[in-house]
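We count ligands from 1, going down the list as the structure has it; atoms in each ligand are counted the same way. Note that the coordinates shown come from a computational prediction; the quantities given were computed from them, not determined experimentally.
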Amino acid sequence: MKVLLIGSGGREHALAWKLAQSPLMTEFYAAPGNPGIAEHAILVPIGVDDQEGIIALCQEKAIDFVIVGPEAPLVAGLSDRLRAEGFLVFGPSQAAAQLEGSKGFTKDLCARYDIPTGAYGRFKDAVSAKDYVQRQGAPIVIKADGLAAGKGVTVAMSMDEALAAIDDCFDGAFGSAGAEVVVEAFLDGEEASFFCLCDGKHALALATAQDHKRVGEGDTGVNTGGMGAYSPAPVMTAEMVQRTMKEIIEPTIRGMAESGHPFSGVFFAGLMITAKGPELIEYNVRFGDPECQVLMMRLKSDLLPLLLACAKGTLDQYDAEWVDDPALTVVMASKGYPGAYEKNTPIDVLPEISAGEKVFHAGTAIRDGVLIATGGRVLNVTAIGSTVAQAKERAYALVDQVNWQNGFCRRDIGWRAVKREENEV
Ligand code: AMP
Ligand code: GLY
């Protein structure tokens, strides 16, 4: 099978590494890819938003199956264009990608199908949004409706903060993503991420993960795309997984099918496990980054047939097997991230790795034979262990071998799960 993978981050490196192990793979291309992905696939310098270029590539190489990694091309309708040209695609249609592209769309679906989530209001102007917030009181959550690269959410602990966040959205801090604002009740609990494949009708639960979104140790400081993650999430017991499937995923699948836009691809449900059980914070319509990296380390099954079954509508014939051992990944980022940072700094040494360890490339390039950091999040140093504590120790032992002057990472990834393990002994 000839496969094209779209994307260039750590998530796509993890997918590429796993996909390349499939006996079904005959030719493997990635656009635009990165130096890590280049170990597994032929890189083609076409951007993820270049729909014409991607279609031309698929035609030229007679690609059988396209796997779309990031959300932006999905929300922009890449899957629809490819399907119209007759290609099989892993990833939702533009209409189904609204589950990530519009928070208001998802909240309305939750309301119609009785999916547990925080009470909310949708607003197109500051006056009515502020009026609603004043009636609800703080803490309260203010969200730009559209895609804002993880930056459009303010968890406001005070009324002043909430009102300022509303002004920010309508003053254009998030561009057109903030033209509409969703105000949502504050949910109290422990967060977890849940991943589930879907072919429009059938669901196949994958695995759970927890990430660290804040830049600083102890989960402090500003939000980032994610500074590290581990899988599984201890809070996601078998009962919570079952309830999530029944109360959240299944009605979503039904709702999307009934609206005429069946969902195929991966659901990445951001959950808050509250006193009432799992509640939906948000949907993403692609794998998490860096959550995907820890999922791929734990997946025993061949990934390619699973993703293909999503595109073909045959997911009910498949199962996924997992390694029980936890996996943990530490994100190494450029100093200054998520703010401004220096680009093109050299990475002098990467660690020697053994089985159950992997350094995924997230934002790197090779220039004049030298590996350089080109992005904010640059490397995902990943390991498996018999406990989260052991996976953490292995991952940081690898981090300590990386010689990259301009890099930094959090030293406490997995702290909550490690603490839980300590309390269990
Ligand atoms: P999101 O970009 O929607 O994932 O939101 C970013 C972060 O804001 C989430 O990971 C949560 O930590 C927090 N958050 C979002 N919505 C809520 C909510 N309703 N209650 C509490 N925290 C929330
Ligand atoms: N790590 C969070 C995300 O991929 O959205």
Side-chain angles (χ1 to χ4, degrees), residues 7 9-12 14-15 69-72 74-75 99-107 110 115-121 133 136 138-157 161-162 165 169 174 177-178 181-195 208-215 219-231 233 235 266-276 278-296 329-331 333 338 360 362 376-377 380 410 413 416:
R11 163 183 49 215
E12 287 78 25
L15 291 172
E71 63 277 19
L74 295 168
V75 171
L99 280 175
E100 176 161 1
S102 166
K103 294 186 192 295
F105 173 90
T106 301
K107 298 297 281 188
C110 289
I115 295 168
T117 187
Y120 73 108
V133 163
Q136 300 297 315
I140 195 153
V141 184
I142 313 297
K143 301 185 173 185
D145 180 73
L147 288 187
K151 299 194 184 87
V153 174
T154 304
V155 180
M157 299 316 284
E161 222 184 320
C169 282
F174 311 110
V181 165
V182 172
V183 179
E184 194 181 294
F186 174 79
L187 299 171
D188 198 12
E190 185 170 342
E191 277 187 77
S193 301
F194 178 69
F195 294 86
T208 63
Q210 271 172 321
D211 76 341
H212 294 271
K213 284 210 173 79
R214 305 296 189 104
V215 73
D219 296 322
T220 54
V222 292
N223 263 326
T224 69
M227 295 303 292
Y230 50 96
S231 171
V235 69
V266 62
F267 286 119
F268 164 5
L271 305 174
M272 189 70 85
I273 309 305
T274 70
K276 288 193 278 182
E279 298 197 45
L280 184 70
I281 297 178
E282 62 158 4
Y283 271 126
N284 298 301
V285 299
R286 35 77 193 177
F287 283 103
D289 190 346
E291 291 88 338
C292 184
Q293 289 79 317
V294 284
L295 255 47
M296 291 307 115
T329 189
V330 178
V331 171
F360 294 112
R377 294 188 296 167
N380 310 135
R410 277 179 59 169
I413 299 304
R416 195 192 294 270

Taking the side chain as every heavy atom from C-beta outward, state whether E12 and C292 have any atom pair closer than 4.5 Å.
no
Relative to the ring of Y230, is the ring of H212 parallel (under 30°), tilted (30 to 60°) or perpendicular (over 60°)?
tilted
Closest non-hydrogen atom pair between V235 and Q210, with its separation:
CG1-NE2, 3.7 Å
Judging by distance only, is a nitrogen or oxygen of I281 under 3.5 angstrom from one on ligand 1?
no
Taking 4.0 angstrom as the limit and counting only heavy atoms of F268, give me the atoms of ligand 2 inside it, by number and element.
3 (C), 4 (O), 5 (O)
Honestly, for V153 the part within reach of ligand 1 (heavy atoms, under 4.0 Å) is side chain
Verdict with reasoning, L280 to T106, per side chain to side chain contact (heavy atoms under 4.5 Å, CB included)
CA-CA 10 Å; L280 184 70; T106 301; 4.0 Å; yes
Ligand 2 atoms nearer than 4.0 angstrom to some heavy atom of D211 are 1 (N), 2 (C)
Please list the nearest protein heavy atom to atom 2 (C) of ligand 2 with its residue and the distance rounded to 0.1 Å.
G225 O, 3.5 Å
Short N or O distance, K213 and ligand 2, threshold 3.5 Å exclusive
no
Below 4.0 angstrom from a heavy atom of K143, which ligand 1 atoms are there? Numbered from 1 as shown, please.
3 (O), 15 (C), 16 (N)
When you check the side-chain N and O atoms of T274 and E279, is any donor under 3.5 Å from an acceptor?
yes
R214 and V222: CA distance, side-chain angles, deciding distance, side chain to side chain contact (heavy atoms under 4.5 Å, CB included) verdict:
CA-CA 5 Å; R214 305 296 189 104; V222 292; over 6 Å; no
Under a 4.0 angstrom heavy-atom cut-off, which atoms of ligand 1 come close to K213?
4 (O), 10 (O)
Between F360 and G10, which heavy-atom pair has the shortest distance, and what is it?
CB-O, 4.3 Å
Close approach, P139 and ligand 1, non-hydrogen under 4.0 angstrom:
no
Any idea which part of R11 is under 4.0 Å from ligand 2, heavy-atom wise: side chain, backbone, both or neither?
neither
Is it the case that ligand 2 has an N or O less than 3.5 angstrom from some N or O of E291?
yes
Heavy-atom distances under 4.0 Å are what count here, so tell me which part of F287 touches ligand 2: side chain, backbone, both or neither.
neither
Contact check: N223 vs ligand 1, nitrogen or oxygen atoms, below 3.5 angstrom
no
Between E71 and N284, is there a side-chain heavy-atom distance shorter than 4.5 Å?
no
Starting from atom 3 (C) of ligand 2, locate the nearest protein heavy atom and write down its residue, its atom name and how far away it is, to 0.1 Å.
R286 NH1, 3.4 Å
Taking only heavy atoms of M272 into account, list the atoms of ligand 1 that are under 4.0 Å away from them.
21 (C), 22 (N)
Between I281 and K143, is the side chain to side chain contact (heavy atoms under 4.5 Å, CB included) condition met? List the steps.
CA-CA 11 Å; I281 297 178; K143 301 185 173 185; 3.7 Å; yes
Is it the case that the side chain of D145 and the backbone of G104 share a donor-acceptor pair, with hydrogens and angles ignored and the cut-off at 3.5 Å?
yes
With a cut-off of 4.0 Å, which atoms of ligand 1 are near a heavy atom of K103?
3 (O)
Distance filter under 4.0 Å to G288 heavy atoms, resulting ligand 2 atoms:
4 (O)
Is it the case that ligand 1 has an N or O less than 3.5 angstrom from some N or O of V141?
no
Measuring only between side-chain heavy atoms, which start at C-beta, is V141 closer than 4.5 Å to V153?
yes
